[in-house]
Number of protein chains: 2
Amino acid sequence: MKQSTLHQTEPCRRISEILSRIGDKWSLLVIRQLGNGPLRFSEIKRSLGSISQKMLTATLRGLERDGFVSRTVFPTVPPRVDYALTPLGCDLLVPVRQLGDWAMANAERIERSRRRFDAAHGGEKSAAA
Amino acid sequence: MKQSTLHQTEPCRRISEILSRIGDKWSLLVIRQLGNGPLRFSEIKRSLGSISQKMLTATLRGLERDGFVSRTVFPTVPPRVDYALTPLGCDLLVPVRQLGDWAMANAERIERSRRRFDAAHGGEKSAAA
DNA sequence: CGGGATCCTACGGGATACTG
DNA sequence: CAGTATCCCGTAGGATCCCG
């Protein structure tokens, strides 16, 4: 293990930041929905169902801030706002999908490990409860 | 947009879960450190520096639960516990590194977009403050 | 319709003290 | 040395009301 090992902390921060960014409760879902093409605020909201309008607003703001989605306002009488993936946003989808594929492929193994762990540890500790 | 669009919500949940799992503050850092080989509790702690022992314990427990790291206890007088990446954990590193590469490659673009956004929006809104 | 402001709760996560 | 338990705070995130 060379010095570069410790030095790697910096790149890792970057990764963490990205992961935290899209790893929150809604960002990924929104990005994926927008992957099918531009959508209006309420269309996104309806497609996700359970999201609150506050969180959708916040999520979209964050994604817009990072340059992943673009926001287009139509100054019509009933306000209309379209959200769409930017090139950077589309680009992001590539590695994200890689991770997604991995997740899909290994989800079962993870869940099995999880159940095994819970059974083993939960069983011997909270047995008195 | 076909029905499959809505149906995709399920795989996305999986991805979100994985992302949330490793997207927390410490999991990725720990996984990366263990990528260099097995480490003891305090070695990990020291290598990360700022992590509290509570969070390190919690993080390791979570990773162990999901089957990403293995925990080996040596019943010696001064307790010694080794943590190592499981094959699944190593495997996870592949797509994670893909995302990491992307993050590294695009970090500057994101940060620029972020600054631009902050300058534009923060400037016109909090001007009164 | 889009979204800002406010209130409130749950949880992540840090500091500290104690145990085996 | 490794780990648990407790306290405490900040933020994520939901519900609701209000405004253009």
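All of these numbers come straight from a predicted model, not from anything done at the bench. A note on names: the letters A, B, ... follow the listed sequences, proteins ahead of strands, and every chain is numbered from 1.
The nearest whole Å value for the distance from the CE atom in A:Met55 to the P atom in D:dG14 is 6 Å. The separation between A:Leu56 atom CG and C:dG2 atom P is 9 Å, rounded to whole Å. Taking atom CG on B:Leu39 and atom C1' on D:dA2, their separation rounds to 15 Å, with Å as the unit. Here the P atom of nucleotide D:dA12 and the CZ atom of A:Arg21 are 10 Å apart, to the nearest Å. As a whole-Å value, the separation of B:Phe74 CZ from D:dA2 P is 11 Å. Separating the CG atom of B:Asp24 from the P atom of D:dT11 is a distance of 18 Å, rounded to the nearest angstrom. Rounded to a whole Å, the CD atom of A:Glu43 is 13 Å from the C1' atom of C:dG2.
Along DNA chain D, the nucleotide nearest to B:Lys54 and the one nearest to B:Phe41 differ in position, and the one closer to the 5' end is contacted by B:Phe41.
OP1 or OP2 of D:dA2 sits under 4.0 Å from a side-chain N or O of B:Ser42. Taking 4.0 angstrom as the limit, A:Lys25 places a side-chain polar atom (N or O) nearer than this to OP1 or OP2 of D:dG14. Distances shorter than 4.0 Å separate some side-chain N or O of A:Arg40 from OP1 or OP2 on C:dG2.
Using a 4.5 Å cut-off between side-chain heavy atoms of Ile, Leu, Val, Met, Phe, Trp and Tyr, with links allowed through other members, B:Tyr83 and A:Phe117 fall into different hydrophobic clusters.
The neighbour count for A:Arg97 CZ, taken as heavy atoms of other residues, nucleotides or ligands under 6.0 Å away, does not exceed 12.
For the side-chain contact (heavy atoms from CB on, under 4.5 Å) criterion with B:Asp66, the lone passing option out of B:Glu17, B:Arg61, B:Arg21 is B:Arg21.
Two residues are said to be in side-chain contact when any heavy atoms from C-beta on lie closer than 4.5 Å; B:Leu99 and A:Gln98 fail this criterion.
Ranking C:dG13, C:dC1, C:dG4 by closeness to the A:Pro79 side chain, first place goes to C:dC1. Each of C:dG14, C:dG20, C:dG2 was ranked by its minimum atom distance to the side chain of B:Ser52; first place goes to C:dG14. For A:Gln53, the side-chain atoms get nearest to C:dG4 when compared with the rest of D:dG14, C:dG4, C:dC1. Residue A:Trp26 has its side chain nearest to D:dG14 when only C:dG14, D:dC1, D:dG14 are considered.
Residue contacts for A:Tyr83: at a heavy-atom cut-off of 4.0 Å it reaches the sugar-phosphate backbone alone, with no base atom in range. Backbone-only contact: B:Arg61 has heavy atoms under 4.0 Å from sugar-phosphate atoms and none from a base.
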I would like to know whether A:Trp102 and B:Leu92 meet side chain to side chain contact (heavy atoms under 4.5 Å, CB included); could you show each step before the answer?
CA-CA 8 Å; A:Trp102 188 92; B:Leu92 173 61; 3.6 Å; yes
